[in-house]
Amino acid sequence: MPILRAPARLYDWPALEAVAPDERWHPCVFERGDPEQREAMDALVARDRVTGVFDRHEAQLEELVRVRAPDRELSRAELSAELEALAAPGGRGRSGRWVYYPWSGRLVHVLEPARFRELRSDRNRYKITPAEQTALASLRVGIVGLSVGNAVANTLALEGAFGELRLADFDTLSLSNTNRVRCGVHELGLNKAILCARQIYEQDPYARLVLYTDGITRDNVSSFLDAGGALDVVVDECDDLMVKVLLREEARRRRVPVIMETSDRGLLDIERFDQEPARPLLHGLLEGHTSSSLASLSRERRLELIAKIVGVDTLSPRAAASLLEIGASVRGVAQLGSDVALGGASATIAVRSVALGHPAASGRAWIDVRASLASMREPGPREASAPIVAVRPGVSGPARGVLDALLERAGASSCVSWSIDGDRVLVLRLAELDPGDAIAPRTRWIAAGAALERVLVEARRSGLWLRERLRLDSEDDGLVATLERVDEPRARSGSPWPLVGSRGLNDDLVDALERTARAAGGHLRVILRGARHEAMARALAEAERLALLTPGLSARARDDYEGSGGGARLATALLRDPEARALVRAIDGGRTLVCASLRALSESDGVALLSVPDATRASLVAGGRARARLRMFLETCSIRARPMGAALHVLTVDPARELTPRERATVQELRERLDALLDGGFTDGVPVALLRLADDDRGAPR
């Protein structure tokens, strides 16, 4: 049956015996003082269904007597008198209950329900007061998803923090679940709801449980929330995004709060629909989706949405690395038993807090043990926390003067800096090199050439006359060039770009691009769609992966890579944490990065490589000017040029302190492949720019 409830007569073993062994989840409870139940129990024993008898009832009674008199040391006579007073009519042998567990064959003698719960909850006091314990005894809690949810359910049971528990999961226990689900290997293949019910009944045979072994569906969600009395709290620990949203839609309609624990950095979410019936689902992170609209999303898009919900920027480094490897070196989301145990504790506290009216507002919190261990200190008085001050960044004033406006239109670069000397001279210098930056010094000269060209083109477009003076041999403060404004009339000329007979990325445009590069002192090779283009895409995608994982290049590589689409934004977000990158790199992982990059490269219309004859400053600056001129020319032709600077750096500059021997071997193999595809063009000269080209008119990905 998909919905399992306790039988009307708990001692009815013949009815339970008709159920398949793997579907037995509820114990038989016998009261020896009842003749019918005593006869049923004797028949059970006679049929040889009992594998072991466990009778510690006398010890339980003794403990009950002692906890009722915590301030007294009872003599043996006093204890015996108290035990006699607790005995049932007919003697101690008929006191309590006998519980038969049909899945193990054990027969156990325990206290009757009221005494059992009194003794079992004694050590809760006064973390949970007796009044609170009584209030919790009427609480109805529903748990969906019983891997993490197993820990929540069992912790709630340990504390006696519910009156009825509804357990929903369609899945069966597998061996890979056993790193976080408490169980025995003999229970593999068992439905997770049945497994959880058995565990709870073995610690509390009087628990009230209802099982939904088909999980939660549109057909049974109303029953789950309403049948037998409305739920007071829902705990969502399922993996299915549609079910998560469906649960919240129905819970919000009924004003039932929802709690979710995500088992990474102790992430805990509370949505108080009981207090905020108009509250957006999942804190408004669903981007307007409903349980119905999610069905039309691709798996990749769902994964991006899930990542947004759990918070990419707040994932632990190891979770980020693991998430990136799904479908590559791992099959599913990583979860640890310690994280799940912590989640069971925090979710239980949240359920109890909501039920008892303790502070538990809607929102999100982290119970990050690892971070706490990293900030351990000697014990002492607590220090007052420093106030959190929000600072709004200042807003710059309007551009000053003609030269200010010119620099603003030309754009900025992190590798160079501009200054204005008086009101007539622009000064271009190399920016200071960050000691931890893997970008080679020669890259700064290329960037300087590109910045210089952009300013000169913008000046030409504006009708300004700038007298150019290069200072490539200067060692003074990284000086590159000065541009002096000359107040002489200068006629506006026509377009600075060659004429092209037709639109689109074709042979005519390639010829014009090559002429433009030569005029600036560079040499351009363009590979259009075809077999060589596809082979280049495979090599460049691998180079981009290496760049994304290399510490000194990763930030620049993310800027390049995020234009790849198809999960690239999620991948780069996961790689922002250095520890996550290091973990992926250590296993030579990140193959999902290659997939997104390869798809974007394969769907592009071409790849362009710009080179200069040598690595002198003059050549590098000329190469930078050619790069800027090409990109501006391409914009006028509606061709997108996506730079792959970090990948090019990996392929052309060996930062020994950055790449491992294994990675350098990979780079060498990639260089040889690219050189063959470009007929020797990759090593003939010094590459200064690598561009992925897409024809906007054709609608290719950008």
Side-chain angles (χ1 to χ4, degrees), residues 1-8 15-16 18-27 102-103 140-154 156-157 162 164-178 180-181 183 187-201 207-254 256 258-261 281 290-295 299 302 306 332-333 335 347:
M1 292 176 60
I3 302 176
L4 307 178
R5 298 181 185 274
L16 188 57
V19 177
D22 280 352
E23 295 176 4
R24 296 172 185 169
W25 62 283
H26 199 288
W103 51 89
R140 297 187 185 96
V141 182
I143 302 178
V144 183
L146 291 166
S147 289
V148 177
N150 179 284
V152 181
N154 273 284
L156 284 166
F162 65 85
E164 178 178 294
L165 198 58
R166 297 176 196 167
L167 306 173
D169 203 320
F170 67 90
D171 201 9
T172 58
L173 183 72
S174 66
L175 186 58
S176 64
N177 296 143
T178 62
R180 61 195 184 278
V181 178
C183 62
E187 293 166 311
L188 296 177
L190 198 63
N191 175 272
K192 290 179 180 177
I194 290 177
L195 169 69
C196 190
R198 290 181 178 182
Q199 293 170 337
I200 291 172
Y201 278 129
R208 291 206 312 272
L209 307 180
V210 181
L211 277 54
Y212 286 71
T213 54
D214 283 346
I216 294 302
T217 65
R218 292 191 184 277
D219 293 332
N220 68 17
V221 65
S222 294
S223 169
F224 180 75
L225 291 165
D226 299 328
L231 286 181
D232 297 298
V233 183
V234 170
V235 179
D236 166 28
E237 298 299 343
C238 69
D239 296 329
D240 191 313
L241 182 58
M242 188 281 289
V243 175
K244 286 181 179 294
V245 178
L246 175 65
L247 267 176
R248 284 165 174 78
E249 289 169 343
E250 297 299 324
R252 182 172 63 181
R253 189 171 294 121
R254 294 163 172 80
V256 177
V258 177
I259 292 167
M260 178 174 70
E261 206 289 332
L281 305 183
T290 65
S291 60
S292 299
S293 68
L294 288 170
R299 178 183 177 277
R302 284 194 190 193
I306 291 170
V333 177
Q335 292 177 310

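Hydrogens, waters and symmetry mates are skipped; everything else that's a heavy atom, side chains included, is used. Not measured: the values here are computed from a predicted model.
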Ignoring hydrogens, what is the shortest heavy-atom contact between N220 and G215? Give both atom names and the distance.
ND2-O, 2.9 Å
Can I200 and N154 be said to form a side chain to side chain contact (heavy atoms under 4.5 Å, CB included), step by step?
CA-CA 6 Å; I200 291 172; N154 273 284; 4.0 Å; yes
Just how far is it from atom CG of D169 to atom CG of D214, taken to the nearest 0.5 Å?
10.5 Å
Taking the side chain as C-beta and beyond, is there a heavy-atom pair between R248 and V245 under 4.5 Å?
no
Please step through side chain to side chain contact (heavy atoms under 4.5 Å, CB included) for the pair L247 and V258, ending with a clear verdict.
CA-CA 9 Å; L247 267 176; V258 177; 5.9 Å; no
Measure the shortest side-chain to side-chain distance between D22 and N191 over non-hydrogen atoms and say whether it is less than 4.5 angstrom.
no
With rounding to the nearest 0.5 angstrom, report the CD1 to CG distance, I143 to D236.
11.0 Å
What I want to check is whether the side chains of S174 and S176 have a donor and an acceptor closer together than 3.5 Å.
yes
Just verifying a value: how many Å separate L211 CG and R166 CZ, rounded to the nearest 0.5 Å?
12.0 Å
Correct closest heavy-atom pair for W103 and H26 would be CZ3-N, 3.6 Å
Any ion pair linking E250 and R254 (charged N to carboxylate O, less than 4.0 Å)?
yes
Let me confirm one number: the CD1-CG distance from I306 to L294, rounded to the nearest 0.5 Å.
9.0 Å
In terms of ring plane angle, is the pair Y201 and W25 parallel, tilted or perpendicular, where the classes change at 30° and 60°?
tilted
Check: L231 and F224 side chains under 4.5 Å, non-hydrogen atoms
yes
Can a donor-acceptor pair be found, under 3.5 Å and without considering hydrogens, that links the side chain of D232 to the backbone of V141?
no
Of all heavy-atom pairs between V152 and A347, which one has the smallest distance, and what is that distance?
CG2-CB, 3.8 Å
Within this structure, what is the CD-OG1 distance for the pair E187 and T178, rounded to the nearest 0.5 Å?
11.0 Å
Given side chains that start at C-beta, do those of I216 and C238 come closer than 4.5 Å, heavy atoms only?
no
Interatomic distance, I194 atom CD1 to L173 atom CG [nearest 0.5 angstrom]
12.0 Å
Tightest non-hydrogen contact, residues V181 and L146, listed as CG2-O, 4.5 Å
Looking only at heavy atoms, the pair that brings S223 and Y212 closest together is OG-OH, 2.9 Å
Is there a side-chain contact between L190 and R198 in this structure, where contact means two heavy atoms from C-beta onward sitting under 4.5 Å apart?
yes
Side chain proximity check, V148 to R180, heavy atoms < 4.5 angstrom:
no
So, do K192 and N150 sit near enough that their side-chain heavy atoms are less than 4.5 Å apart?
no
Does F170 have any ring pair (Phe, Tyr, Trp, His ring centres under 6.0 Å) partners at least two apart in sequence or in another chain, and if so, which?
none
Write down the atom of S291, the atom of R218, and the distance for their closest heavy-atom approach.
OG-NH2, 3.0 Å
